[in-house]
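Just dropping this structure here.
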Amino acid sequence: MNESLLRECATVIGHSFGDLSLLGLALTHSSYSAEHDDEPSNERLEFLGDAVVGLVLADEMYRRHPTFDEGVLTDLRKSVVNAQTLAVAARRIGLGRFIRLGRGESAGGGADKTSILANAFEAVIGAVLLDAGNQVAHELSLRLLAPEIAGAVPGLKYLDPKTQLQELASEYDLGVPVYELRDEGPDHDKKFFADVFVAGRRHGSGSGRTKKAAEQEAAAEAIDSLRASRG
């Protein structure tokens, strides 16, 4: 990715990178890496950013709502730190047009896929952490997610993609979503893959370090698919 495009993306994000290569890495999807052997993907930065965003939101909810118990605080954090919500924030700043995708993923509309956008958003936060430290990454996370944080309490009933998908399938009278799981790798380093079927048709796929994470990602993709099919 050329430097001018990276600087444009940095402006959109709202952070002036000392090391633009970190931003380039954050914007590199695994499908692009698969076609370019010398290009690592953003998956490690995504892992780092996920931890940062989770901590930032936990801290923010704890400070904002001193009377809420642990269960409600957990639900509030989940209402913001999920693929659907992070993808909304990514779309708001136009992050999708900067993500480097493989040819097939690009042709398939990957730049607007919920899972790809959410993962890239987290990878960007991870890149900012490495570039400028905890405080800057913390402040940027709060700024980029401000609308979602403000709407967290009113939106408590929308806790996670699996719950949303179940409600959507019920609304469309399509029955209960069915998940199929598989895993790869040794016991100490497994990666899980999930497919979700609605009314007998596969609508979403996902992957993650836990079964739950894979199912949530698959559900988020299925929500997009179902809504698109209904116009």
Under 3.5 Å donor-acceptor, T85 side chain and S79 backbone: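 Yes, because the side chain of T85 sits within donor-acceptor range (under 3.5 Å) of the backbone of S79.
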Looking only at atom types and distance, does a side-chain atom of R91 sit under 3.5 Å from a main-chain N or O of L86, one as donor and one as acceptor? no
Scan for ring-ring contact (aromatic ring centres under 6.0 Å, His included) pairs involving residues 182-223, sequence neighbours excluded, and state none if there are none. none
What's the verdict on side chain to side chain contact (heavy atoms under 4.5 Å, CB included) for D195 and Y179, showing C-alpha distance, side-chain angles and the deciding distance? CA-CA 6 Å; D195 293 314; Y179 293 84; over 6 Å; no
Do NZ/NE/NH1/NH2 and the carboxylate oxygens of E217 and K212 come within less than 4.0 Å? no
Presence of salt bridge, E105 and R100, under 4.0 angstrom: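 No, no charged N to carboxylate O under 4.0 Å.
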Donor-acceptor pair, side chain of T114 and main chain of Q84, under 3.5 angstrom: no
For R64, is there an ion pair with E60 - N to carboxylate O distance below 4.0 angstrom?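 Answer for the salt bridge query: yes.
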Can any side-chain N or O of N82 pair as donor or acceptor with the backbone N or O of K78 at less than 3.5 Å?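 A pair under 3.5 Å: yes.
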Within the supplied structure, the quantity of interest is the number of heavy atoms (other residues, nucleotides, ligands) at a distance under 6.0 Å from R182 CZ; does it exceed 12?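 Counting other residues, nucleotides and ligands, CZ of R182 exceeds 12 neighbours.
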Evaluate the criterion side chain to side chain contact (heavy atoms under 4.5 Å, CB included) for residue pair L45 and I125; output intermediate values, then yes/no. CA-CA 8 Å; L45 282 179; I125 297 300; over 6 Å; no
Lys/Arg N to Asp/Glu carboxylate O, K190 vs D187, below 4.0 Å: yes
Whether R202 and E180 form a salt bridge (side-chain N of Lys/Arg under 4.0 Å from carboxylate O of Asp/Glu) is what I want to check. no
Any Lys/Arg nitrogen of R97 or E8 sitting under 4.0 Å from an Asp/Glu carboxylate oxygen of the other?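 A salt bridge is present here (some side-chain N lies under 4.0 Å from a carboxylate O).
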Sequence-distant partners of S106, side-chain contact (heavy atoms from CB on, under 4.5 Å), two or more places apart: L101
